[in-house]
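Proteins come first, then strands; the chains are lettered A, B, ... in the order of their sequence lines, and each starts at number 1.
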2 protein chains.
Amino acid sequence: MPKSESVKHRSGCPISIALELVGDPWTLLIVRDLMFKDKKTFGEFLNGGEGIATNILSDRLARLERAGIVTRQRDVADARKVGYRLTDKGMDLAPVLVDLVVWSAKHEVTDAPAPVVREMRLRRDGFLKQVRQAWRKEAKDA
Amino acid sequence: MPKSESVKHRSGCPISIALELVGDPWTLLIVRDLMFKDKKTFGEFLNGGEGIATNILSDRLARLERAGIVTRQRDVADARKVGYRLTDKGMDLAPVLVDLVVWSAKHEVTDAPAPVVREMRLRRDGFLKQVRQAWRKEAKDA
DNA sequence: CCGGATCCGTTTCGATACTG
DNA sequence: CAGTATCGAAACGGATCCGG
């Protein structure tokens, strides 16, 4: 299984997608938790990802760190605590996640359409800007 | 592993994503081949997906069909040939795929930035409309 | 030949138990 | 709290076989 697949468009242009991160469900869930929620620690992912095993979580966090999508840092106050944070590269995945949430809400998930989903769909650009801004703000606080 | 994961946003809204299709790399490749290229048949996916085994391909196509993302139909002229086609639900994945291609081009793939990627990024809405139109046209021809 | 189905050795996953 | 170790179960991939 190659990491990214490159093929020829009929017009002759390569259309490649990186698979190793999006090709895995757990990875997606972690990125989503980091992006749209306040989850930052191992334990929070454990409860939020709903059913992920500790070894899998550990492995995926390591992969994401190696891929430059998240950074890992010990809490200066509490040395036991470890915090994860999306990098700029990781935040660039926001459009993908947003589209995915919107698609899921339309076709798969039976929940009543949440206001957040409506905003994602109707004010996409604004929503993305807002998420990015919140991320930057959090960086300064830390 | 649940099919879709629903959690609470800090504002109290559920943010769910369907995982069974995007969580798998092969599935994504097949959808991409269907969407952006002319690939339609089993054999074309085999060569295009670059390295997928026949049993895996068969399984993924069946899953996609069950999920209502592709349809399967025998060629009326040549009974040996089988064609696959994206449904409307499948075409709704275009935004996700486009974002993914753009992200990959920026962060992962070393290829020179293709003109198609530029168009996806700079004229996103127009590109999506164009893809959808081509899909509709193909439906009429068949 | 095309479009798969089946079998099988190998790899990976994931639940639980355990450790610092 | 933040992970490792272990081990059975599942998925993968390669080859081969089969029906039209």
Quick one: which protein N/O atoms are closer than 3.5 Å to N/O atoms of nucleotides 1-8 of chain C? Pair and distance per line, please.
residue, atom, partner, partner atom, Å
C/dG3, OP2, B/Gly43, N, 3.2
C/dG4, OP1, B/Arg72, NE, 3.4
C/dG4, OP1, B/Arg72, NH2, 2.4
C/dG4, OP2, B/Tyr84, OH, 2.7
C/dA5, OP2, B/Ser58, OG, 2.5
C/dA5, N6, B/Thr54, OG1, 2.8

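- A/Lys129 is linked by a side-chain hydrogen bond (donor to acceptor under 3.5 Å, both in side chains) to nothing, counting only residues two or more places apart in sequence or in another chain.
- Rounded to an integer number of Å, the gap from CD of A/Gln73 to P of D/dC1 is 19 Å.
- Here D/dA2 presents its P atom at 12 Å from NZ of A/Lys40, a figure rounded to the nearest Å.
- A/Asp125 pairs by the side-chain hydrogen bond (donor to acceptor under 3.5 Å, both in side chains) definition with nothing, not counting sequence neighbours.
- When the side chain to side chain contact (heavy atoms under 4.5 Å, CB included) test is applied to A/Arg136, the partners found at least two apart in sequence or on another chain are A/Arg132.
- Bending across the helix from C/dC1-D/dG20 to C/dG20-D/dC1, expressed as the angle between its end axes from five pairs apiece, amounts to 30° (10° rounding).
- Rounded to an integer number of Å, the gap from A/Ile56 CD1 to D/dG8 C1' is 14 Å.
- Distance B/Asp24 CG to D/dA10 P: 18 Å, rounded to the nearest Å.
- Annotation: side chain to side chain contact (heavy atoms under 4.5 Å, CB included) contacts of A/Ala94 (sequence neighbours excluded): A/Met35, A/Leu128.
- Under 4.0 angstrom from either OP1 or OP2 of C/dC13 there lies no side-chain N or O belonging to A/Trp26.
- B/Trp135 pairs by the ring pair (Phe, Tyr, Trp, His ring centres under 6.0 Å) definition with nothing, not counting sequence neighbours.
- Applying the side-chain hydrogen bond (donor to acceptor under 3.5 Å, both in side chains) criterion to B/Arg63, with sequence neighbours excluded, gives B/Asp59.
- Looking at residues two or more places apart in sequence or on another chain, you find no side-chain hydrogen bond (donor to acceptor under 3.5 Å, both in side chains) involving B/Lys81.
- Per the geometry, CZ belonging to A/Phe45 stands 17 Å off P belonging to C/dG14, to the nearest Å.
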* To do: Evaluate the side-chain contact (heavy atoms from CB on, under 4.5 Å) criterion for residues B/Glu44 and B/Asp33: first the C-alpha distance (whole Å), next the side-chain angles of each, then the deciding distance (0.1 Å), finally the verdict.
  => CA-CA 9 Å; B/Glu44 287 169 345; B/Asp33 282 358; over 6 Å; no
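- Note: CG (A/Leu46) to C1' (C/dA17) measures 14 Å, nearest angstrom.
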